[in-house]
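What follows is one structure encoded as structure tokens, with my remarks underneath.
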Amino acid sequence: MSRKEKDRIVTQKKKNDPSAIKETEVPKVPSCMFFQYNTNLGPPYYILVDTNFINFSIKAKLDLVQSMMDCLYAKCVPCITDCVMAELEKLGQRYRVALRIAKDPTFERLPCSHSGTYADDCLVQRVTQHKCYIVATVDRELKRRIRKIPGVPIMYISNHRYNIERMPDDYGAPRF
């Protein structure tokens, strides 16, 4: 048998068999996601706060914790990561009021184990690992990145009040 004949036999064997079972890999979904409904969310709500959310709250003259409770009709625990704190400290004197608010003992401090202090990456990474947080931000780019993660609500500021998007209706958050 010549080499061409052997190649022809091998290519005939490699043809796709229509009766063969096709295997596709499905991404793993956390057990807290039940039909795109995040069962980890519930009062008291843990809210990851971004740097610009604190700044815009000050500009809109909104009390952070009280406005969060007015939005969600439940107890809220604002959480701040080490990266957000470092970002506020880097901004200097202009944002000292925001830094003072962030150092308030009502804010739960979350330590970061990764290198670097880029707050957006830190928040996205934490929300991807633990889907028990609501992310509070005004940053368009961060909102766009978080919308790609299923089951994570986003809190933002509009018309001098806090609003929330992608929150299940059963939790009683108002729709505007």
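Because only heavy atoms are used, hydrogens play no part in the values below, and waters and symmetry mates are left out as well, while side chains stay in.
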- Distance from Tyr45 atom OH to Cys132 atom SG, nearest 0.5 Å? 13.0 Å
- Item | Residues which pass salt bridge (Lys or Arg N to Asp or Glu O under 4.0 Å) with Arg145, listed by chain and number, not counting sequence neighbours | Asp121
- Message: Can you confirm whether Leu72 sits close enough to Ile47 that some side-chain heavy atom of one is under 4.5 Å from a side-chain heavy atom of the other?
- Response: yes
- Message: Side-chain heavy atoms under 4.5 Å apart, restricted to Ile/Leu/Val/Met/Phe/Trp/Tyr: what other residues fall into the cluster of Tyr118, or is it alone?
- Response: none
- Message: Using side chain to side chain contact (heavy atoms under 4.5 Å, CB included), reason through Ile101 and Phe107 one step at a time and then give a plain yes or no.
- Response: CA-CA 9 Å; Ile101 289 171; Phe107 278 68; 4.1 Å; yes
- Quick one: SG on Cys71 to CD on Gln66, what's the gap to the nearest 0.5 Å? 12.0 Å
- Message: With side chain to side chain contact (heavy atoms under 4.5 Å, CB included) as the criterion, how do Met155 and Val135 come out once you've worked through the C-alpha distance, each side chain's angles and the decisive distance to 0.1 Å?
- Response: CA-CA 6 Å; Met155 184 177 280; Val135 179; over 6 Å; no
- Query: Does the side chain of Pro78 reach to within under 4.5 Å of the side chain of Val65, using non-hydrogen atoms?
  - Reply: yes
- With sequence neighbours excluded, what pairs up with Gln125 under the side chain to side chain donor-acceptor pair (under 3.5 Å) test? none
- Check: Ile154 and Thr137 side chains under 4.5 Å, non-hydrogen atoms: yes
- Do Ile134 and Leu62 belong together in a cluster built from hydrophobic side chains that touch within less than 4.5 Å? yes
- Item | Residue pairs involving residues 94-104 (criterion side chain to side chain donor-acceptor pair (under 3.5 Å); sequence neighbours excluded) | Asp104-Thr106
- Please report the shortest heavy-atom distance between His160 and Ala60, naming the atom on each side. ND1-CB, 3.6 Å
- Could you walk me through whether His114 and Cys122 pass the side chain to side chain contact (heavy atoms under 4.5 Å, CB included) test, one step at a time? CA-CA 8 Å; His114 58 84; Cys122 177; 3.3 Å; yes
- Query: Can you pull the side chain to side chain donor-acceptor pair (under 3.5 Å) pairs that have at least one residue in residues 75-84, sequence neighbours excluded?
  - Reply: Asp82-Arg109
- Task: Could you give me the CA-CA distance, side-chain angles and deciding distance for Ile80 and Leu48, then say whether side chain to side chain contact (heavy atoms under 4.5 Å, CB included) is met?
- Result: CA-CA 6 Å; Ile80 231 170; Leu48 277 177; over 6 Å; no
- Query: Sequence neighbours excluded, which residues qualify as side chain to side chain donor-acceptor pair (under 3.5 Å) partners of Lys61?
  - Reply: none
- Item | Close side-chain approach of Val49 and Val84, heavy atoms under 4.5 Å | no
- Could you pull out all residues at least two apart from Arg140 that satisfy salt bridge (Lys or Arg N to Asp or Glu O under 4.0 Å)? none
- Looking at side-chain heavy atoms only, is the closest gap between Leu91 and Thr51 below 4.5 Å? yes
- Message: The criterion is salt bridge (Lys or Arg N to Asp or Glu O under 4.0 Å); which residues satisfy it with Asp63, sequence neighbours excluded?
- Response: none
- For residues 46-69, the ring-ring contact (aromatic ring centres under 6.0 Å, His included) pairs (sequence neighbours left out) are Phe53-Tyr162
- Query: Looking at side-chain heavy atoms only, is the closest gap between Ile54 and Leu88 below 4.5 Å?
  - Reply: yes
- Message: Taking side chain to side chain donor-acceptor pair (under 3.5 Å) as the definition, give me every residue that meets it alongside Glu141, ordered by chain and number, with sequence neighbours left out.
- Response: Arg144
- Message: Going by the rule salt bridge (Lys or Arg N to Asp or Glu O under 4.0 Å), which residues pair with Glu108 if we only count those two or more places apart in sequence or in a different chain?
- Response: none
- Task: Locate the shortest heavy-atom distance separating Leu41 from Gly151; write the atom from each residue and the value.
- Result: CD1-O, 4.2 Å
- Item | Nearest-0.5 Å distance that lies between atom CD in Glu87 and atom CG in Leu99 | 12.0 Å
- Item | Side-chain heavy-atom pair Ser57, Ile157 within 4.5 angstrom cut-off | yes
- Message: Can you confirm whether Val138 sits close enough to Asp50 that some side-chain heavy atom of one is under 4.5 Å from a side-chain heavy atom of the other?
- Response: no
- Query: Taking 4.0 angstrom as the limit, do Glu165 and Arg147 come out as a salt bridge?
  - Reply: yes
- Message: Holding to side-chain contact (heavy atoms from CB on, under 4.5 Å), I want the full list of residues that pass it with Ser158, two or more places apart in sequence or in another chain.
- Response: Tyr156, Asn163
- Hey, could you give me the CG/CG distance between Asp139 and Asn52, rounded to the nearest 0.5 Å? 5.0 Å
- Calculate, to the nearest 0.5 Å, the distance between atoms CG and OH belonging to Leu123 and Tyr133 respectively. 10.5 Å
